[in-house]
K.L.:
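Below you will find the structure I want to go over with you.
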Amino acid sequence: MAKFIGVDYFDVESLYTEDEKMVRDSVRDFVDEEVLPIIEKHNRESTFPSHLIPKMAEMGLFGPTLPSKYGCAELNNVAYGLIMQELERGDSGIRSFASVQSALVMYPIFAFGSEEQKDFWLPKLAKAEKIGCFGLTEPDYGSNPGGMVTKAEKVDGGFVINGAKMWITNGTIADVAVVWAKLDGVVRGFLIEKGTKGFSAPEMKGKHSLRASVTSELVFDNVFIPEENLLPKTEGLKNALMCLNQARYGIAWGVVGSMLACYDTALNYAKSRVQFSKPIAAYQITQEKLVYMLTEITKAQLINLQLGRLKDSGKLKHTQVSFAKRNNCEKALEIARMSREILGANGILDEYPVMRHAANLESVKTYEGTHEMHTLIIGEDITGFSAFD
Ligand code: FAD
């Protein structure tokens with residue numbers, strides 16, 4: 001398989017540091033060599049390629065911005081974003097696995113955990129000796145997680161959890177779940193380990209999207225957990241939303257990987273597919289599509305770079321993360337659909353990655369806040385009026 005050389009119309013390359021490029025290139029090679037050759041099979045069979053997990057851990061792809069004392073790579077946020085971008089060029093399911101482990105499990109333990117919790121869990125999660133998941137969404141509470149009905153009750157020596165979560169990435173394969181539940185009406189975070197009595201995580205089947213990713217229910221039936229499993233610094237829904245903000249940041253970068261895969265496929269196809277007298281790339285309507293794709297990729301690359309620089313300087317606002325997540329997911333989906341059009345009937349075959357990305361992006365546009373939720377977040381920011389309720 002030919003080595004992927006990237007798409008860079010505005011010399012964005014010159015704005016990355018050597019370290020950032022080195023990290024990106026190593027993940028790019030990993031995806032070319034180890035993900036792309038096997039991903040269609042996993043997508044077809046609806047299985048997650050778990051054999052990639054140890055290699056990803058060895059490469060330092062889990063919790064890569066966290067301190068080295070926990071066995072993490074201590075990279076900056078641009079390097080982290082580039083990791084997400086390259087993984088998602090392989091498949092959104094692979095990026096989702098890494099996003100959940102890093103942004104939704106290691107981050108909350110790092111930000112809201114006790115010293116003991118951090119020392120115990122973070123090195124194991126970095127090495128992928130343990131896998132985590134993040135349970136916020138419930139069957140009746142998706143965009144409005146504040147309404148959650150999963151409850152924690154204080155009892156002697158700990159808590160009893162009752163309720164259910166749905167749509168939880170990695171749920172069935174996770175050793176530990178970061179679960180959000182109301183304790184005396186206040187949303188708190190809890191660590192619930194696989195095998196705890198009353199806790200089950202059945203896999204959800206029948207997805208047309210993110211097929212190479214495990215999605216599960218989490219069911220809590222009088223689950224007793226000891227006191228030390230509470231994340232002590234959680235004190236309301238805002239802490240769960242802080243985690244989502246980390247994950248949204250990674251998604252904004254990740255979907256550029258899908259854009260790159262779809263654009264690259266469409267450009268190469270258009271140059272070689274002859275209809276009537278010429279390659280279809282020589283027709284104005286095809287060129288219009290390719291130029292649109294390139295333009296949106298370039299804008300997303302520049303948005304992401306500034307997003308990362310703002311994050312590294314501590315100036316990033318959550319509304320800017322919403323802006324990037326919203327825009328980039330929407331454009332990635334448009335690009336995937338346009339790429340499918342350029343490939344004609346071949347576009348629906350799994351010989352090409354386009355339809356897989358298009359299907360995956362339907363989930364990516366929906367999770368971590370739907371397109372509409374991010375519109376309302378930005379809308380409130382610029383008008384001062386909340387339109388949620
Ligand atoms: P709903 O909230 O029911 O929304 C349905 C539609 O109504 C959407 O278009 C929405 O934008 C719109 N809508 C809702 N309210 C308004 C309003 N006020 N104004 C205008 N429009 C509105 N969750 C986790 O906790 N952990 C995970 O690991 C996780 N992984 C996921 C993996 C996959 C593959 C998928 C598909 C989802 C995952 N989710 C996860 C859940 C995801 O975050 C939710 O699906 C998402 O938040 C939307 O919730 P919902 O599906 O219940 O849609």
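As a basis for the values below, the full set of heavy atoms in this structure was taken, side chains included, without hydrogen atoms, waters or symmetry mates. Order of listing sets the numbers, starting from 1, for every ligand and every atom in it.
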K.L.:
Once the angle between the rings of Tyr16 and Trp253 is folded into 0 to 90°, is it parallel (under 30°), tilted (30 to 60°) or perpendicular (over 60°)?
P.N.:
tilted

K.L.:
Report the relative orientation of the aromatic rings in Phe112 and Tyr107; use parallel for angles under 30°, tilted for 30 to 60°, perpendicular for over 60°.
P.N.:
perpendicular

K.L.:
For Thr366, does its backbone N or O pair with a side-chain atom of Thr370 as donor and acceptor, under 3.5 Å?
P.N.:
no

K.L.:
Counting the benzene-type ring for Trp, do Phe224 and Phe159 have ring centres under 6.0 Å apart?
P.N.:
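No, the ring of Phe224 stays outside the 6.0 Å limit from the ring of Phe159, centre to centre.
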
K.L.:
Cation over ring, Lys124 on Phe120, under 6.0 Å and within 45°?
P.N.:
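Lys124 over Phe120 ring: yes.
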
K.L.:
Measure from atom 11 (O) of ligand 1 to every heavy atom in Thr370, Asn144, Val179 and give the option owning the shortest one.
P.N.:
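It is Thr370 that holds the nearest heavy atom.
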
K.L.:
Looking at atom 26 (N) of ligand 1, what's its closest protein heavy atom, distance included?
P.N.:
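Nearest protein contact, heavy atoms only, for atom 26 (N) of ligand 1 is Phe134 O, 2.9 Å.
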
K.L.:
Is it true that Lys154 and Glu227 have a side-chain N and a carboxylate O under 4.0 angstrom from each other?
P.N.:
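Looking at Lys154 and Glu227, the cut-off is met.
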
K.L.:
What is the nearest protein non-hydrogen atom to atom 28 (O) of ligand 1, stated with its residue, atom name and distance?
P.N.:
Thr169 N, 2.9 Å

K.L.:
Around atom 9 (O) of ligand 1, find the nearest protein heavy atom and jot down its residue, atom name and distance.
P.N.:
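Heavy-atom neighbour on the protein nearest atom 9 (O) of ligand 1: Glu372 OE1, 3.4 Å.
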
K.L.:
Between Leu136 and ligand 1, does any nitrogen or oxygen pair lie at a separation below 3.5 Å?
P.N.:
yes

K.L.:
Suppose we measure from atom 23 (N) of ligand 1 to each protein heavy atom; which comes out shortest, and what is that distance?
P.N.:
Thr137 OG1, 2.7 Å

K.L.:
Using heavy-atom distances, let me know which of Phe388, Trp180, Tyr367 sits nearest atom 42 (C) of ligand 1.
P.N.:
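It is Tyr367 that holds the nearest heavy atom.
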
K.L.:
Is the Lys NZ or Arg CZ of Lys311 less than 6.0 Å from the centre of Tyr249's six-membered ring, within 45° of the axis?
P.N.:
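Flagged: Lys311 positioned over aromatic ring of Tyr249.
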
K.L.:
What is the closest protein heavy atom to atom 4 (O) of ligand 1, and at what distance does it sit?
P.N.:
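That would be Ser143 OG, 3.7 Å.
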
K.L.:
Which heavy atom of the protein is the closest neighbour of atom 19 (N) of ligand 1, given with residue, atom name and distance?
P.N.:
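Of every protein heavy atom, Leu376 CD1, 3.8 Å lies nearest to atom 19 (N) of ligand 1.
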
K.L.:
Would you mind listing which atoms of ligand 1 come within a distance below 4.0 Å of any non-hydrogen atom of Leu210?
P.N.:
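Under 4.0 Å from Leu210, ligand 1 has these atoms: 34 (C).
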
K.L.:
After noting the C-alpha distance and the side-chain angles of Thr137 and Lys165, does the key distance pass the side-chain hydrogen bond (donor to acceptor under 3.5 Å, both in side chains) rule?
P.N.:
CA-CA 6 Å; Thr137 306; Lys165 301 288 176 179; over 6 Å; no

K.L.:
State the atoms of ligand 1, each with its element, that fall below the 4.0 Å cut-off from a heavy-atom position in Ile168.
P.N.:
24 (C), 25 (O), 26 (N), 27 (C), 28 (O)

K.L.:
Pull out every atom of ligand 1 sitting under 4.0 Å from any heavy atom of Glu368, numbered as shown with elements.
P.N.:
43 (O)

K.L.:
Which ligand 1 atoms, with their elements, are less than 4.0 angstrom from a heavy-atom of Gly142?
P.N.:
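Listed by number with element: 2 (O), 47 (O), 49 (O), 50 (P), 52 (O).
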
K.L.:
Salt-bridged, Glu13 to Arg24, with N to O below 4.0 Å?
P.N.:
yes

K.L.:
Measure from the side-chain N and O atoms of Lys325 to the backbone N and O of Lys365, and report whether any donor-acceptor pair falls under 3.5 Å.
P.N.:
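Side chain of Lys325 to backbone of Lys365: a pair is present.
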
K.L.:
To check your reading of the model: name the closest protein heavy atom to atom 13 (N) of ligand 1, its residue, and the distance in Å.
P.N.:
Met373 CE, 3.8 Å

K.L.:
Quick one: does atom 51 (O) of ligand 1 have a protein heavy atom under 4.0 Å from it?
P.N.:
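No, there is none.
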
K.L.:
Can a protein heavy atom be found under 4.0 Å away from atom 17 (C) of ligand 1?
P.N.:
yes

K.L.:
Decide side chain to side chain contact (heavy atoms under 4.5 Å, CB included) for Arg89 and Glu86; before the verdict, give the C-alpha distance in whole Å, the side-chain angles of both, and the deciding distance to 0.1 Å.
P.N.:
CA-CA 5 Å; Arg89 187 174 65 83; Glu86 294 306 317; 3.5 Å; yes

K.L.:
Quick test: of every protein heavy atom, which one is nearest to atom 29 (C) of ligand 1, and how far off is it to 0.1 Å?
P.N.:
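Looking at atom 29 (C) of ligand 1, the protein heavy atom closest to it is Trp167 O, 2.6 Å.
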
